[in-house]
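Presented below is the structure to which this report refers.
In this chain, residues are counted from 1 in sequence order.
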Amino acid sequence: MKVSLNWLKELANIEIEDLDNLTSQLTQAGFEVEDIESIVLEDQIDHILDISSTANRSDVLSMIGLSRELLALTKSSTLQVPNQIIDKFFSKKSNVLTDHNLLHCNDYFSAVIDGIEIIESPDWLKNRLLSSGFTSKNLLVDISNYIMLKWGQPINIIDFGKVNYKNNITIQSNFYAGENTEIELDNKNIKLRKNILVTKVNDSITGIAGIVANHKFETDFNTTSIFLESAIFKQSIVRQSSRFLNIRTESSVRQERGLNIDNWENAYLEALSLITDLAGGNIREIFSKKKTKKDILHVNLSIKRVQDILGPISHDNQIRFLYFQEIQDILHSLNFTIIHKTQETIKIEVPNYRRQDVFREVDIIEEIARIYGYHKFKSSLPSIQFNKKSSKKRQFIDKSRNILRNLGLTELVHYSLVKSLGDISLNNPLIQDYSNLRCSLIEGLIESNLYNLKQSSQTIDSFEIGTVFNTIQNKIVETTNLATILGGNLDIRSTWSQPVHSLNWYEAKGIVENFFQKIDRRVEWRKQDIIDNRINLIQKNKSAVLIYNNTTIGIFSELNQEICSQLGLNTKLFVLEVNLNILEDSHNQFDYLNYQIRPYSKYPSIIRDLSLIVPQDMEISYLLKVLDQFNDKDLESTKLFDQYTNKSIGKQKKSIGLRFTYRSSQKTLTNLEIDHKQSELQKKIIQHLNLEIRQ
């Protein structure tokens, strides 16, 4: 926005000597001066400031609004806005319009003026427009632009003689309902749509509401009768029309940011005054619609709160807080009315034109800092009043994260929005490709592995802890999940002397069990059907459901081979996903003291291997539990080391290899003793389990 410094000084009735200091004050107050240009008008030098403002300060898109800010920054008296109400404008009774006539418009003034004589614009008016980057066209257009610059309120003036004549004048704003209608804008024909709000006078479409007037009805030097309109339309509707038509004007910018009802009325009255004074004419009819005024906004300001947030200032080599009187003076300079005050609090009434950006106590504190000067407050870190401990949930998540890192996994972080179709979709996504909330973390881990393969030709063992969203009983449930993907570059080998090999099911399961043990949780593995949205990722007969405290917490599975082939993954990958919310809500289950105080045997161990033929569907965990019940104090451990299937073994059967480790804490066991123990164990297996010993 280009601003004439001479015009600004005239409205504020102040003198400015130091231009650099002024631009610095404006910039620090939130109105950045991007450029300064000097021009000569009527033998006077005028400095043109190119100022940009923040989106929430629609009140400064006018010379009146900037004048108020200038007076507050320079600590001058407040701006006295002239009263524009003139009795002659209301000698005729106003026609009151209703919501039925004007859709999405609560504040509206218009008038029909006859007997207009358009003359050349006076020099003062041309100079005001020239200094703000506008060129003079004709008197009526110049007056419209001048009012918009001064008050920030768009004014539309059309040639009423070009409007379809009727005995009665009808005014409407409504969504366009016709077909294939075009209106002329900037020498272009714009097609209207059904979701565009238009204004009509006597059934003639005179413009797009809040954006621009129809150039078909623009005034020229032959105009003798005009229709003057000043309106405030609903911001979202103007923004919608502007986006659909890809049109952005000075009027639409101001309408979208929000117009002020006080400036709206003053702008309309000054426009009437200028037109009747400069172009003559008689007012035939006046139309109006005024919204009931909003409730007065009161905000309580705590002096201590101001001091706590802004901190101390350095003034005359003295460190102190803002005085009560200094705070009060700043509030007066901003036209904030003080309703009631004590030494601790001030009750403030916010002016109407600041209602859109000032409605909380902290907003007023920000205004105090902005006007006084941010640079005058001492920069210091706030003192720590207390050390807040992390929640139990945060501690548990951090512990899980550290354990997984120590196991050799890399942590990944992905967006909560995904490409795939999900139960929960966004109504207004920024990008259509990412319009659904994720219901699983596994998809993100797979995509990262695919990307890594393209870059380095290798997969990566990784994990992610994040939020997932699911619909349960028509309610959106948010949970924190943990997912891992294994099978990449972990250094896996049976013994140190053997080479590294790719991960198999048992080794991947061992890594997961190691994790559960380190977080002190005893999780049960069950082989059962998995029914959820991850079923297409799971390899049939190579998956397990994880149970904790009789509650299903997640799944572990080999990734579906067909999907791996389609994606270009040539190695076996294993995925895990569990609900951390359920795992976190528990007490420690493992008592490590029992293991720590057990004495270590100094005698050597002896190993015996045994092959069994068992049913195909027998779970090894069940078999090991049964073998543990065959109490033998010298049996130190039982481990599975091999599994084999072949037609020669029998239908629906498999051969497994178990390794038994014997060690006594009292003496060195002999081979004869071990052979006897092993023989007794085989007899129990045959008698109690009805299993076949493979020779």
Original post:
Within the side chain of D107, is there an N or O that forms a donor-acceptor pair under 3.5 Å with the backbone of I232?
Top reply: no

Original post:
Would you call the rings of F227 and F160 parallel, tilted or perpendicular, where under 30° means parallel and over 60° means perpendicular?
Top reply: parallel

Original post:
In Å and rounded to the nearest 0.5 Å, what is the CD1 to CD1 distance from I327 to I348?
Top reply: 9.5 Å

Original post:
So how far is it from S333 OG to E69 CD, rounded to the nearest 0.5 Å?
Top reply: 9.0 Å

Original post:
Taking atom types as modelled and ignoring hydrogens, do the side chains of S4 and N6 form a donor-acceptor contact shorter than 3.5 angstrom?
Top reply: no

**OP:** For atom NZ of K234, decide whether the heavy atoms of other residues, nucleotides or ligands shown that lie under 6.0 angstrom number more than 12.
**Re:** no

Original post:
Does R68 make a cation-pi contact with Y353 (under 6.0 Å, within 45 degrees of the axis)?
Top reply: yes

Original post:
Do the side-chain N and O atoms of T345 and N300 include a donor-acceptor pair separated by under 3.5 angstrom?
Top reply: no

**OP:** Check whether more than 12 heavy atoms from other residues, nucleotides or ligands sit under 6.0 Å from atom NE2 of H100, and answer yes or no.
**Re:** no

**OP:** Start with the C-alpha distance between N202 and S204, add both sets of side-chain angles, then the distance that settles side chain to side chain donor-acceptor pair (under 3.5 Å), and finish with yes or no.
**Re:** CA-CA 5 Å; N202 290 354; S204 296; over 6 Å; no

Original post:
Side chains of N195 and Q240: donor-acceptor distance under 3.5 Å anywhere?
Top reply: no

Subject >> Note: R360-E366 ion pair, threshold 4.0 Å (strictly below) >> reply: no

Subject >> Rounded distance (nearest 0.5 Å) linking atom CG of L70 with atom CG of L26 >> reply: 6.5 Å

Subject >> Pair R248 + E256, salt bridge at N-O below 4.0 Å >> reply: yes

Original post:
Counting distance only, does the side-chain N/O of S132 pair as donor-acceptor with the main-chain N or O of F134 below 3.5 Å?
Top reply: no

Original post:
Within a radius of less than 6.0 Å around CD1 of I319, do more than 12 heavy atoms belonging to other residues, nucleotides or ligands occur?
Top reply: yes

Original post:
Does L61 offer a backbone N or O that forms a donor-acceptor pair with the side chain of R254 under 3.5 Å?
Top reply: yes

**OP:** State, with a plain yes or no, whether a side-chain heavy atom of E265 is found less than 4.5 Å away from one of I261.
**Re:** no

Subject >> Side-chain heavy atoms of L322 within contact of Q307, under 4.5 Å >> reply: no

Original post:
Shortest non-hydrogen contact from Q255 to G210?
Top reply: CG-O, 3.3 Å

Subject >> Carboxylate-amine/guanidinium contact D357 R257, below 4.0 Å >> reply: no

**OP:** May I ask you to check whether D114 and S225 show a side-chain donor-acceptor distance below 3.5 Å?
**Re:** yes

Subject >> Heavy atoms from other residues, nucleotides or ligands near CG of N189 exceed 12 (cutoff 6.0 Å) >> reply: yes

**OP:** Sort out for me which residue in T23, D20, D50 forms a side chain to side chain contact (heavy atoms under 4.5 Å, CB included) with V33.
**Re:** T23

Subject >> Distance-only side-chain donor-acceptor flag, T199 / T206, under 3.5 Å >> reply: yes

Subject >> Check ion pair R128-E10 (N to O, under 4.0 angstrom) >> reply: yes

Original post:
Do Y323 and Q328 get their side chains close enough for a donor-acceptor pair, meaning under 3.5 Å?
Top reply: no

Original post:
Does the side chain of T98 pick up a donor-acceptor pair with the side chain of N101 at under 3.5 Å?
Top reply: yes

